[in-house]
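To start, the structure itself, in structure tokens.
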Amino acid sequence: MNILEELNDSQRAAVQYNDGPSLVIAGAGSGKTRVLTYKIAYLLEQGYNPWNILALTFTNKAAREMKERIASIVGNDKAKYLYMGTFHSIFARILRAEATLLGYSSNFTIYDDADSRSLLKTIIKEKGLDDKTYKPATVLKKISLAKNRLILPDAYANDPDISERDRRENLPEVAKIYAAYSQRSLQANAMDFDDLLVQIYLLFNKYEDIRLKYADRFDYVLVDEYQDTNFVQQRIVYQLTKQKRRLCVVGDDSQSIYSFRGAEIDNILSFEQQYEGAKLFKLEQNYRSTQNIVKAANSLIKRNQFQIEKEVYSRKSEGDKLHYKNAYSDKEEALIVCKEIKRIKREDQCSYTDFAILYRTNSQSRSFEEEMRKQNIPYKIFGGLSFYQRKEIKDIIAYYRLVANPDDEEAFKRIINYPARGIGNSTMDKITACAVRNEVSFWAVISNPVHFGLDVNKGTLGKLSAFHALISGYQQRLDTEDAYLLGSDIIKTSGINKDIFGDSSPEAMARQENVDEFLGAIQNFVEERREEGRIEEAGLSDFLQEVALLTDVESDDDRGSDKVSLMTIHSSKGLEFQTVFIVGMEQNIFPSPQSASTLRSLEEERRLLYVAITRAEKHCFLTSAQNRWRYGKTEFCNPSCFLNEIDPAYITKEEEYSSTISRPRAPWDVPEYMEPRRQTMYETRRSLMPRPVRQPEEPTHLRKIIVPEPTQQSIGVTSLETPQGTLHEGTIIEHQRFGKGVIVKLEGSGENQKATVEFQHSGKKQLLLKFARFNIVKQGE
DNA sequence: ATGACTTGTTTTTTT
DNA sequence: AACAAGTCAT
């Protein structure tokens, strides 16, 4: 296939120019990803080696998709060697290799925000400060922004402007907290998200040979979504490209929506100054949306002062105007949206996946969830509480982390008394004090309590040493066992199993499913590595490295199923839908009140709306509610000021929507049979709807001992007495995640029973029956 | 040291 | 309203 023939003129020009730094300004829907993927394919065709190409993205999803698309052009055998991933994941990999130069060891932990906040909280307490004044989240934000701008603790303390501002905000001690935070992270052998960038910068800055090593390796560097890079990221890219200057950055200043976490729109606005002689390409033809949508979006974004001049246009049909509807209440807003979805679905003969409901804040999803459940409209929620943020998952990961990196203090704190083993706050306080006094980690203290002078009674000492022995035992198996073997055994033998699987309340059931799901993910990980022939890189530490930077798992039963998408506008970036509903167009929601104060942040909100509108291919609805239930009471709301900023030529407004619509019990209002619903990992737990009653509740001891756990929605085969007797080769089962498959092999006994199953779609998998979730579909002969 | 009760906070977006 | 954290009682 000829790569260049598939592109329009401006796209082709951008792909072909490789003689120096280039900036591709890609308007919404103009084929940005296409240019990136084809450019990489083109480079490979020109003789570049895949392992010499570095492509940086912001999300794992973007990286994954791009890799797939490139693989479909040049084949996976080449694509798999590309250095392609998020800034954070690529740099984390480099840091593992070079960690010792920076005083870390290669098994360092990556602290997530919760860990960082928790560490800050302890530090704030230790300094005798009030955590109401010094809110960990606020302090973390300050530290994070400082790191993004490469201001290290010393510089922070010595910067008069910063000191002045902190004093004005009544937070004069932040500099000291920052210093302590850095010291403690290092001691815990942990890096937070920002450290992954800062430390790379420091590494390259301090060790020229290391910088050269990587600058040499990467013959060509590509950066996606360049408008979202922050200062450090920009500096690192510069470190890697300043000699060869083979760099292509792609982005759209009109879609810069992450400045709240340090993104510098100036990076893209002044790229041509930073890289002298850089060539600028503009992609202005929008292939996604009809003309009215593009024009409406343009008329809005024109109101921003700071931007690169461009004129996005569409050659598609004129299409519908945008629709604006003002509902009486948030409930009615949801009704209107559901009604429109049904209408359009009928008229356009499209499916639920063609619809998206976009909102400013996650909490707005609730009224839509409720209404869609009532009306039996299938939906999935993206974002919200991610799978790995669930308590039970975090607990398990904390075990893994402590095993992989015993100095990890946040993991230690989390599990020292989980499950309860009689080590309470007072003991923990003593350990903390002792660790701080001796400047060693918690683990060091309990490894040698007498030496460090830990003052606890004999009983407690015994408990501590039991805990120590438990973890040490796992540590010794780290190098010999794969992640699944060790990981599932930790769950079984640490007492987590007993805690989570010993209860049959609905909440406990949801947790059990999450744990099962998690084990499935570990198993997949090991399988994948095995298939790639990297079985020696399938240990628990390897799994942790991967998981630390993941925010969500793609659930198998959501992929490919026909559902309406619900998500924040932020997470919709890069996606497209035939019909988009932008809901909650109200003055105190969108623009967010916190952003209304400065011009820059107001412009960012405007760009956010621009992003939302340009997601739509065909229909775009904006809605608002006059009354909204928030913070436990009804609020009166005014329509968003942005509504008046869209040229009225491209939008129709309906002020008052018929209130008869909220008349209850319309025929379609009566729910049909509601299927017992498994809580998928995308759904937040705060759903208001009553949980479907779980039918015949199986005695819990059975669940624990007798595996395959059958009843919950089994039709037909429920007469499982002994698993050994009823499961045999040839039996067809349906696994909750992998779908249908046939058992090809059974082995092991008792707890270690394993079945090898050939799945229709997912291939061959080995299931540990104790954990596997499936139903028997058909017995073999 | 654990559980019931009370109080305070939350809602901006996320690698 | 829903949830987390902190307090008090056991």
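Letters A, B, ... mirror the listed sequences (proteins, then strands); counts begin at 1.
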Tell me, please, which residues at least two apart from [X] pass side-chain hydrogen bond (donor to acceptor under 3.5 Å, both in side chains).
X: N60(A); result: none
X: K141(A); result: none
X: E68(A); result: none

Roughly how many Å is it from [atom1] in [X] to [atom2] in [N], rounded to a whole number?
X: E546(A); N: dT15(B); atom1: CD; atom2: P; result: 16 Å
X: D194(A); N: dT14(B); atom1: CG; atom2: P; result: 16 Å
X: N230(A); N: dT15(B); atom1: CG; atom2: P; result: 14 Å
X: K125(A); N: dA5(C); atom1: NZ; atom2: P; result: 10 Å
X: Y388(A); N: dT15(B); atom1: OH; atom2: P; result: 13 Å
X: N148(A); N: dT14(B); atom1: CG; atom2: P; result: 16 Å
X: D130(A); N: dA5(C); atom1: CG; atom2: P; result: 16 Å
X: F382(A); N: dT14(B); atom1: CZ; atom2: C1'; result: 16 Å

Quiz item: How would you list, by chain and number, every residue that makes a ring pair (Phe, Tyr, Trp, His ring centres under 6.0 Å) with F467(A), sequence neighbours excluded?
Solution: F412(A)
Quiz prompt | Qualifying residues under ring pair (Phe, Tyr, Trp, His ring centres under 6.0 Å), relative to Y238(A), sequence neighbours excluded | solution = Y275(A)
Quiz prompt | Ionic contact status for R607(A) with E604(A), cut-off 4.0 Å | solution = yes
Practice problem: For K121(A), answer base if it contacts any base atom (sugar-phosphate contacts may also be present), sugar-phosphate if it contacts only those atoms, and nothing otherwise; contact means non-hydrogen atoms under 4.0 Å. | Solution: sugar-phosphate
Quiz prompt | Counterpart residues, side-chain contact (heavy atoms from CB on, under 4.5 Å), relative to S592(A) (two or more places apart) | solution = R360(A), Q594(A), S595(A), E605(A)
Quiz prompt | Residues in side-chain contact (heavy atoms from CB on, under 4.5 Å) contact with E264(A), at least two apart in sequence or another chain | solution = R149(A), F231(A), N267(A)
Quiz item: How far, in whole Å, is dA5(C) from dT12(B) if one measures between their C1' atoms?
Solution: 23 Å
Exercise. Could you measure between the two C1' atoms, the one in dT11(B) and the one in dG6(C), and give it in whole Å?
Key: 22 Å
Quiz item: Where along residues 408-424 of chain A does a heavy atom fall under 4.0 Å from DNA chain B?
Solution: N417(A), A420(A), G422(A), G424(A)
What N/O pairs connect the protein and nucleotides 9-13 of chain B at under 3.5 Å? Give each pair on its own line.
from	atom 1	to	atom 2	distance (Å)
dT11(B)	O2	Y631(A)	OH	3.2
dT12(B)	OP1	Q594(A)	NE2	2.8
dT12(B)	OP2	Q594(A)	OE1	2.9
dT12(B)	OP2	Q594(A)	NE2	2.2
dT12(B)	O2	R360(A)	NH1	3.1
dT12(B)	O2	R360(A)	NH2	2.3
dT13(B)	OP1	N362(A)	N	3.0
dT13(B)	O2	R360(A)	NH2	2.8

Quiz item: Does the pair Y379(A) and F368(A) meet the rule for a ring pair (Phe, Tyr, Trp, His ring centres under 6.0 Å), with working shown?
Solution: CA-CA 10 Å; Y379(A) 64 89; F368(A) 296 94; over 10 Å; no
